[in-house]
Amino acid sequence: MSTFLPKDVEDGLRDAIIANQRRTSRLRVEVNGQSYAVLRMWRNGFSVAAVDAPRLRGLVDIFEGANHLSQALVVASEVAGDEMHYEFKRSTLASDKAPVDFARDPNAPAGLLPRL
């Protein structure tokens, strides 16, 4: 940060900044029942606070608030300052509908009524 501040003051400021980012972030990553606040997200990865995060590897779920955004395979790539960076091996958008293996007719009826 600065060469004018004592080390303990710099450490305290850095910890306060990370705590604020964790508190204000609506993004989180969940794995094995544990949840970690996402500090930053970019096209092919994301970061969490290094003090919070294990070296995640494998399948994770990414949420924004209560909304499930995606499921991804990740690998821990590096520690950069106070952040642990993870890279996506693959990322699949979450959907509230089951996938289908056929093309739907856009004019098809939503359902059929029984004959009485």
Side-chain angles (χ1 to χ4, degrees):
M1 284 187 140
S2 170
T3 58
F4 300 108
L5 296 174
K7 175 123 175 69
D8 57 338
V9 173
E10 279 187 27
D11 292 343
L13 287 172
R14 187 172 32 254
D15 292 344
I17 289 169
I18 289 174
N20 185 49
Q21 286 175 324
R22 273 186 272 174
R23 193 172 48 254
T24 59
S25 177
R26 290 186 39 84
L27 291 174
R28 71 183 194 284
V29 61
E30 288 189 4
V31 60
N32 297 330
Q34 296 291 323
S35 181
Y36 305 98
V38 173
L39 301 178
R40 294 184 304 123
M41 189 168 224
W42 51 92
R43 186 179 61 78
N44 60 346
F46 63 93
S47 70
V48 298
V51 296
D52 290 343
R55 293 188 66 81
L56 298 176
R57 182 179 187 92
L59 192 62
V60 299
D61 291 296
I62 300 173
F63 291 85
E64 180 175 20
N67 297 327
H68 188 204
L69 297 179
S70 65
Q71 196 171 58
L73 283 174
V74 298
V75 62
S77 63
E78 67 178 341
V79 176
D82 297 325
E83 296 180 2
M84 173 66 91
H85 290 188
Y86 298 92
E87 290 182 13
F88 295 133
K89 288 181 152 183
R90 84 157 169 83
S91 180
T92 306
L93 293 177
S95 175
D96 59 351
K97 297 179 180 130
V100 296
D101 59 351
F102 57 90
R104 291 188 189 264
D105 182 5
N107 297 320
L112 300 175
L113 296 175
R115 288 179 64 143
L116 296 177

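Keep in mind it's a predicted model, so treat the numbers as computed, not measured.
To the nearest 0.5 angstrom, Leu27 atom CG is 11.5 Å from Phe63 atom CZ. Distance check, rounded to the nearest 0.5 Å: CD of Glu30 to CG of Leu59 gives 12.0 Å. Distance CD/Gln34 to CG/Leu56: 10.0 Å, rounded to 0.5 Å. Atom CG of Leu73 and atom CZ of Arg57 lie 10.0 Å apart (nearest 0.5 Å). A distance of 9.5 Å separates CZ of Arg28 from CG of Asp61, quoted to the nearest 0.5 Å.
Counting heavy atoms from C-beta on, the side chains of Tyr36 and Val60 never come closer than 4.5 Å. Between Glu87 and Glu78 the shortest side-chain heavy-atom distance does not fall below 4.5 Å.
Connection of Leu39 to Val75 is not established within any shared hydrophobic cluster, with ILVMFWY side chains joined at heavy-atom distances below 4.5 Å, either directly or through further cluster members.
Judged by distance alone, with hydrogens and angles left aside, the side-chain atoms of Asp105 form a donor-acceptor pair with the main-chain N or O of Asn107 at under 3.5 Å.
More than 12 heavy atoms of other residues, nucleotides or ligands shown are found within 6.0 angstrom of CZ on Arg90. Around CG of Asn32, the count of heavy atoms belonging to other residues, nucleotides or ligands within 6.0 Å does not exceed 12.
The side chain to side chain contact (heavy atoms under 4.5 Å, CB included) test with Tyr86 singles out one residue from Glu83, Lys89, Met84, and that residue is Met84.
Residues Arg43 and Phe88 come closest through the heavy atom pair O-CD1, 3.9 Å. Smallest separation of non-hydrogen atoms from Ala37 and Val48: O-CG1, 3.2 Å.
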